[in-house]
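Below: the structure, in structure tokens.
Numbers restart at 1 for each chain; the letters A, B, ... are given by sequence-line order, proteins then strands. For the numbers below, each heavy atom of this structure counts, side chains included, while hydrogens, waters and symmetry mates do not. This one's a predicted model, so the numbers in the text were calculated from it and none came from an experiment.
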Amino acid sequence: MLLTRLAQVSRQVAATSARSRKTALLAELFRDAEADDVPIVIPYLAGRLPQGRLGVGWKVLSRPVPPAADSTLTVQEVDALLSELGKVSGPGSQAERARLVGELMGAATEEEQRFLLGLLTGEVRQGALDAVAVEGLAQATGADPAAVRRAVMLAGSLQTVAQALLAEGPGALERFRLTVGRPVLPMLAHSASSVAEAVEKLGACAVEEKLDGIRVQVHRDGDTVRVHTRTLDDITGRLPEVTAAARELRGERFILDGEVISFDAAGRPRSFQDTAGRVGSRTDVAKAAGEVPVSPVFFDALSVDGTDLLDLPFAERHARLARLVPEPMRVRRTVVSGPGDLAAAERFLAETLDRGHEGVVVKALDAPYSAGRRGASWLKVKPVHTLDLVVLAAEWGHGRRTGKLSNLHLGARDPDGGFAMLGKTFKGMTDAMLAWQTERLQELAVEDDGWVVRVRPELVVEIAYDGLQRSSRYPAGVTLRFARVVRYREDKRPEEADTVEALLAAHPEVRP
DNA sequence: TTCCGACAGTGGGGTCGCAAT
DNA sequence: ATTGCGACCCCACTATCGGAA
């Protein structure tokens, strides 16, 4: 199949807002794909490369290459070249990657270049990713969409399911069952603003501590243990403690879901930055493990001794987990019967925060494990802090925010009477707020370099955030975690904004 | 007819590893 | 030795579509 066909469909998909139309366009393309093209066409139209990321970013891609006049590239040729690109390493590799990218782009028409650019940066922006591709695949093969979705979650891969489905038809879906050793997409949580709201929604539920570490899925089959992240990357080699812990358990075959986190000598959780740095270390794992040891803490069991537990209610899955995993290796929890039992849930949250954790996850006791979904039956509750900060500058937005001032630079008052930048945010704004702030900030503008618009520090904005973290980038030595706009405070003057000093005093556990 | 679940988009900060300087 | 880039951890929030209620 020619690349131009994919580029055209991608453009058409982007041009329509109706999901049903997007699905139909993808289905038509998938039907036409030859068997050899399927493993390439499917991921491409889901906005991903089958090879994963290739070490090519904006630096290389921003160099313009004159487009070809005619469409001659086949998807096979593109795939072969990108596979080659992925193998390049060592001295001179940046130049070699740039050369290969230049070769590819030079053979592509303007429309094809745009499509390839989206694929290589992971930003196709066609309003359709995996979920719409799955729907299109079901339509193309006449399979039940829910069955296809489930197979994709269990296989952890759209491409594998697509190949089987297009080659063999809907019967092939049977093959994709939960298998020890093959990672499945993990279940995710929604947010709730309070424990009361969460318990009200869920009724009988477990309230579990939420650890601020790295999500892991641990598979053990006899002596073989594999550890995967939320995106199913294999990180077994970086976490010898987890492998050892899994081997100690009194079960030969299982899949467990949990979090990896580092505790200090006093048993308090280390900061997310410390845990993440440890888990990210690959070159000298033994040294990293000596300095920042990590522990697995589990909260769910997907499979035990060959039995698939996914469709069992959480209460039963947890009972199996408790039989397999001793207490210190399980998340602390309390079970409440419903809104009448709210006090117990609130008390548990307070204790969890006292122990230094992030918050809690409230889970319905009767819910199955919804692999790959952001199920409404898990609700996380974290305390939210707010500050009144001053807008120092704003950046012009992209995509649907083109022409709008979007990303705000936020400052707190510093001791010299000026403002210290604490970070940026683009979150929390409605379209109306975007329009309003674009107008208002341009009135305050003192400089516009086409990217950042600096403004007189006069506009006060209320910002919600999850906590402070160390920063080497910002002048106060700290930055806000997950900052988002709550509302503008036109009733406040910049002299009334919060100070760096007060912020640091509110978070004694973080020292710049 | 209205409501709500699921998705995609719009980007944030830190840290590590690697190659270039 | 330092710097810059890319990958990958963590993530919040809004708009929109289309099926459920």
Side-chain angles (χ1 to χ4, degrees), chain A residues 13-14 16-23 46-47 52-61 88-97 120-135 145 149 188-191 211-216 229-231 233 235 238 259-260 271-284 288 358 370 372-376 380 382 384 395 397-402 404 406-410 422-434 463-474 478-486:
Chain A
V13 167
T16 175
S17 64
R19 258 177 224 155
S20 47
R21 178 81 189 124
K22 290 179 193 282
T23 304
R53 303 301 314 232
L54 295 173
V56 176
W58 286 106
K59 187 70 200 300
V60 168
L61 294 169
V88 176
S89 69
S93 59
Q94 282 186 13
E96 177 62 4
R97 272 198 287 269
L120 287 163
T121 57
E123 296 175 359
V124 292
R125 290 177 158 91
Q126 59 184 12
L129 294 170
D130 268 27
V132 182
V134 164
E135 205 70 24
R149 199 156 50 225
L188 305 172
H190 275 293
S191 292
L211 308 183
D212 196 5
I214 306 292
R215 182 85 176 264
V216 287
T229 64
R230 193 160 91 77
T231 50
D233 273 13
I235 54 168
R238 302 183 220 165
E259 194 86 2
V260 150
S271 73
F272 173 75
Q273 285 170 302
D274 291 336
T275 294
R278 159 60 212 280
V279 175
S281 296
R282 277 164 288 186
T283 45
D284 192 345
E358 254 199 301
S370 313
R373 319 221 61 153
R374 207 169 270 287
K380 57 183 161 186
K382 296 188 281 186
V384 175
E395 296 173 13
H398 299 89
R400 70 186 299 281
R401 293 192 178 188
T402 301
K404 297 283 190 297
S406 172
N407 201 3
L408 305 178
H409 295 200
L410 305 168
L422 288 176
K424 308 179 190 178
T425 185
F426 57 91
K427 294 173 188 169
M429 298 132 183
T430 61
D431 286 356
M433 284 168 80
L434 277 167
I463 297 293
Y465 66 104
D466 277 22
L468 271 195
Q469 38 182 358
R470 295 187 308 265
S471 172
S472 55
R473 176 183 313 215
Y474 292 111
V478 292
T479 186
L480 304 179
R481 196 167 179 207
F482 310 140
R484 61 264 190 194
V485 171
V486 178

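- Taken residue by residue, residues 52-61 of chain A places no heavy atom nearer than 4.0 Å to DNA chain B.
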Taking N or O atoms only and anything under 3.5 Å, show me the protein contacts with nucleotides 1-6 of chain B, one pair per line.
unit_1	atom_1	unit_2	atom_2	d
B:dA6	O3'	A:Arg373	NH2	3.2

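- Of the residues near DNA chain C, A:Ser17 and A:Lys382, the one whose nearest nucleotide (by heavy atom distance) lies more toward the 5' end is A:Lys382.
- Contact annotation: A:Ser20 side-chain N/O to C:dG18 OP1/OP2 distance is under 4.0 Å.
- If you check every strand for non-hydrogen atoms under 4.0 Å, A:Lys427 touches a base.
- A:Lys380 has a side-chain polar atom (N or O) that falls below the 4.0 Å cut-off from OP1 or OP2 of C:dA12.
- Across all strands shown, C:dC9 forms a Watson-Crick or G-U wobble pair, both distances under 3.5 Å, with B:dG13.
- Considering only side-chain N and O atoms, A:Ser191 lies nowhere under 4.0 angstrom from the phosphate OP1 or OP2 of C:dC13.
- Following rounding to the nearest Å, A:Arg21 (CZ) and B:dA8 (P) show an atom-to-atom distance of 18 Å.
- Using a 4.0 Å cut-off between a side-chain N of Lys or Arg and a carboxylate O of Asp or Glu, A:Lys380 and A:Glu358 do not qualify as a salt bridge.
- As a whole-Å value, the separation of A:Glu96 CD from C:dC5 P is 21 Å.
- A sub-4.0 Å separation between OP1 or OP2 of B:dG12 and a side-chain N or O of A:Asn407 is present.
- Checking A:Arg481 against A:Arg401, the closest nucleotide of DNA chain C that is more toward the 5' end is the one next to A:Arg481.
- Put simply, CG on A:Leu211 is 11 Å from P on C:dC11, counting in whole angstrom units.
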- line: Scoring nucleotides 14-21 of chain B by protein non-hydrogen atoms under 4.0 Å (B base, S sugar-phosphate only, - none) yields SSSSSSS-

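- Applying the 4.0 Å criterion to OP1 and OP2 of B:dG11, one finds that A:His398 has a side-chain N or O inside that range.
- B:dT10 atom C1' lies 13 Å from atom CG of A:Leu129, rounded to whole Å.
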